[in-house]
There are 2 protein chains.
Amino acid sequence: MSDRHDTRSRIQEIALELFIEQGYDKTSLREIAERLGVTKAALYYHFPTKDDIVNSLVEDRIAQLHALTEWASSQPRTAETRRQVIRMYAEELHDTKAHQVMQFFERNQAAIKQMDAMKRMRNQLTELFDTITDPNDALTEQLKSSLAVFAIHASLFVFRNRDATPEQQREAALTVALELIGGD
Amino acid sequence: MSDRHDTRSRIQEIALELFIEQGYDKTSLREIAERLGVTKAALYYHFPTKDDIVNSLVEDRIAQLHALTEWASSQPRTAETRRQVIRMYAEELHDTKAHQVMQFFERNQAAIKQMDAMKRMRNQLTELFDTITDPNDALTEQLKSSLAVFAIHASLFVFRNRDATPEQQREAALTVALELIGGD
DNA sequence: GTCTATATAAGGATAGAC
DNA sequence: GTCTATCCTTATATAGAC
């Protein structure tokens with residue numbers, strides 16, 4: 001297990017934060033280096049290019065989604081399996097890092113469209129979606145399955161300025177998501 | 001009524017397209033000018049800064065959302081009003097330009113976060129949301145109201161690679177949205 | 001593993017002629 | 001309304017010392 005505060009990890013942390021707040025393109029390596037207290041050149045020891053920082057960020061999340069997809073595929077295609085996938089997906093998003101990575105993707109779609117990391121993330125999400133949707137279902141049912149996942153994400157920004165606690169928000173999101181996925 | 005193909009309008013068209021495909025920051029004024037067949041300097045006659053292109057793009061859409069919000073506010077706060085707002089919102093998104101502008105916002109959230117256009121769009125969307133949600137409702141109901149709007153947007157990318165026609169997709173999205181807004 | 005120094009390119013923006 | 005020419009700033013990335 002590597003030290004969580006070695007330089008490489010801290011570059012990832014700082015970069016992710018800035019990419020979310022200011023956007024990928026507006027965040028320069030100089031700025032990342034400054035926050036870290038090193039020079040630009042030091043970054044290049046850890047990452048060959050700026051894009052590689054993104055690639056490294058996405059690795060864990062892709063692997064996590066891949067594992068969830070594999071599990072779903074190994075289960076019988078029942079309503080209960082779909083419900084379980086939603087529960088696990090929501091559970092994973094409690095983790096700050098996973099949550100941040102998804103936010104990064106949401107907010108920088110156009111900026112990273114051409115990058116390899118984006119293609120891989122897209123493919124992985126499509127695969128996961130395919131485990132909880134049935135091509136033979138009505139379009140409305142297919143859309144609802146996708147919205148179930150959106151519901152989990154949406155809870156993160158829909159409830160701004162509300163006095164509900166994060167736990168209540170998550171619970172509401174999960175309730176709605178399970179309702180959308182159907183099969184109760 | 002101004003000529004739809006004067007230079008100013010064409011700058012807006014080309015810029016919007018490129019901003020969606022490559023991202024706001026990765027699209028240079030040189031590139032826009034080249035596609036248009038003029039020089040960079042010519043653009044500065046029509047728009048003082050790059051940001052102003054975005055501002056101009058957003059004007060129409062903000063006004064449209066503002067009008068919808070005003071209408072909603074003038075109606076009784078009933079379920080039928082909410083349903084009608086969703087229908088009108090969906091109807092507006094059939095228009096290519098409105099659709100493109102929303103796509104631009106979705107894909108460039110981080111890139112334009114600090115810009116005035118983003119703040120105004122956010123505020124306007126919040127105001128509209130407030131007309132179809134009730135703070136006294138359960139969190140789940142509030143979330144569903146928001147998801148109703150998402151459903152309209154989602155239909156644009158959820159149904160990739162399906163053999164449903166755009167009309168069928170729109171119809172399915174509207175059905176789901178109306179279901180989510182409730183009050184039937 | 002981090003530094004200084006620098007190469008190289010591209011960006012947004014302006015001045016002033018036509 | 002569009003051009004040429006140019007300014008100024010910043011960016012990614014590299015070379016080579018320590």
Side-chain angles (χ1 to χ4, degrees), chain A residues 1-58 104 107-108 110-118, chain B residues 1-58 104 107-108 110-118:
Chain A
M1 208 60 176
S2 67
D3 182 353
R4 188 161 301 167
H5 285 85
D6 55 346
T7 303
R8 191 187 149 90
S9 301
R10 295 195 57 214
I11 293 171
Q12 292 176 316
E13 265 178 51
I14 295 169
L16 182 52
E17 210 170 301
L18 291 174
F19 291 165
I20 291 172
E21 288 309 311
Q22 321 182 323
Y24 176 72
D25 287 307
K26 282 201 178 65
T27 302
S28 67
L29 296 175
R30 179 191 53 70
E31 197 173 359
I32 297 171
E34 253 172 30
R35 281 231 192 167
L36 185 59
V38 297
T39 64
K40 261 193 312 177
L43 302 187
Y44 281 96
Y45 171 80
H46 298 280
F47 298 99
T49 71
K50 191 182 175 186
D51 288 9
D52 285 307
I53 301 179
V54 174
N55 286 326
S56 78
L57 284 172
V58 95
F104 164 69
R107 296 192 187 176
N108 289 280
I112 61 178
K113 203 180 179 201
Q114 348 264 14
M115 292 178 49
D116 201 56
M118 188 50 149
Chain B
M1 208 61 175
S2 66
D3 183 352
R4 188 161 302 165
H5 285 86
D6 55 347
T7 302
R8 191 187 149 90
S9 300
R10 295 196 56 213
I11 292 171
Q12 291 176 317
E13 266 177 51
I14 293 169
L16 182 52
E17 211 169 301
L18 290 174
F19 291 166
I20 291 172
E21 288 309 311
Q22 321 182 323
Y24 176 72
D25 287 305
K26 282 202 179 64
T27 302
S28 67
L29 295 174
R30 179 192 53 70
E31 197 174 359
I32 296 171
E34 252 171 31
R35 282 232 191 167
L36 186 59
V38 297
T39 65
K40 259 195 311 178
L43 301 186
Y44 281 96
Y45 172 80
H46 298 279
F47 298 99
T49 72
K50 191 182 175 186
D51 288 10
D52 284 306
I53 301 180
V54 174
N55 286 327
S56 79
L57 284 172
V58 95
F104 163 71
R107 297 192 187 176
N108 290 280
I112 62 178
K113 202 179 181 205
Q114 348 265 15
M115 291 178 48
D116 200 58
M118 188 51 149

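Each chain gets a letter, A, B and so on, in the order the sequences are listed, and its residues count up from 1. Computed from a prediction, not measured in an experiment: that's the story for all the values here. Quick note: numbers below take in every heavy atom, side chains included, and nothing from hydrogens, waters or symmetry partners.
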Check every atom of C/dG1, D/dT2, C/dA13 against the side chain of A/His46 and return the nucleotide holding the closest atom. C/dG1
To check you understand the geometry: which heavy-atom pair defines the closest contact between A/Lys50 and A/Leu29, and what is its length? CG-CD2, 4.0 Å
To the nearest 0.5 Å, what is the distance between NZ on B/Lys26 and CZ on B/Phe19? 13.5 Å
May I have the distance from B/Leu43 (atom CG) to C/dA15 (atom C1'), rounded to whole angstrom? 17 Å
Side chains of B/Asp51 and B/Tyr24: any donor to acceptor distance under 3.5 Å? yes
For A/Ser28, report the nucleic acid contact type (base, sugar-phosphate, nothing); a contact means any heavy atom under 4.0 Å. sugar-phosphate
Rounded at 0.5 Å granularity, tell me how far CD in B/Glu17 sits from CZ in B/Arg35. 6.0 Å
Take atom CG of B/Asp25 and atom P of C/dG12, then tell me their distance rounded to the nearest Å. 9 Å
From CD of A/Glu31 across to P of D/dT9 the rounded distance in Å is 18 Å
Rounded interatomic separation in angstrom, taking CZ from A/Arg10 and P from C/dG1: 15 Å
Is there a side-chain polar atom (N or O) of B/Tyr45 under 4.0 Å from OP1 or OP2 of D/dT2? no
Side chain of B/Lys40 only, heavy atoms from C-beta on: which candidate in C/dA13, D/dC3, C/dG11 is closest? C/dA13
Whole angstroms only, please: what is the CG-C1' distance between A/Asp51 and D/dA13? 13 Å
Whole Å only: how far is the CD1 atom of A/Ile32 from the C1' atom of D/dT10? 15 Å
Among the nucleotides D/dG1, C/dT2, C/dA13, whichever has the atom closest to the side chain of B/Tyr44 is C/dA13
Return the CG to OG1 distance between B/Asn55 and B/Thr49, rounded to the nearest 0.5 Å. 7.0 Å
Between A/Lys26 and A/Ala41, which is nearer to the 5' end of DNA chain D once each is assigned its nearest nucleotide? A/Lys26
With a cut-off of less than 4.0 Å, is there a side-chain N or O of B/Thr39 near OP1 or OP2 of D/dC3? yes
If only side-chain N and O atoms of B/Thr7 are considered, is one of them under 4.0 Å from the OP1 or OP2 phosphate oxygen of D/dT2? yes
Does D/dT12 have its OP1 or OP2 closer than 4.0 Å to a side-chain nitrogen or oxygen of A/Arg30? no
Separation of atom CD in B/Gln22 from atom P in C/dG11, rounded to whole Å: 11 Å
How long is the line joining CG of B/Leu36 and P of D/dT2, in whole Å? 8 Å
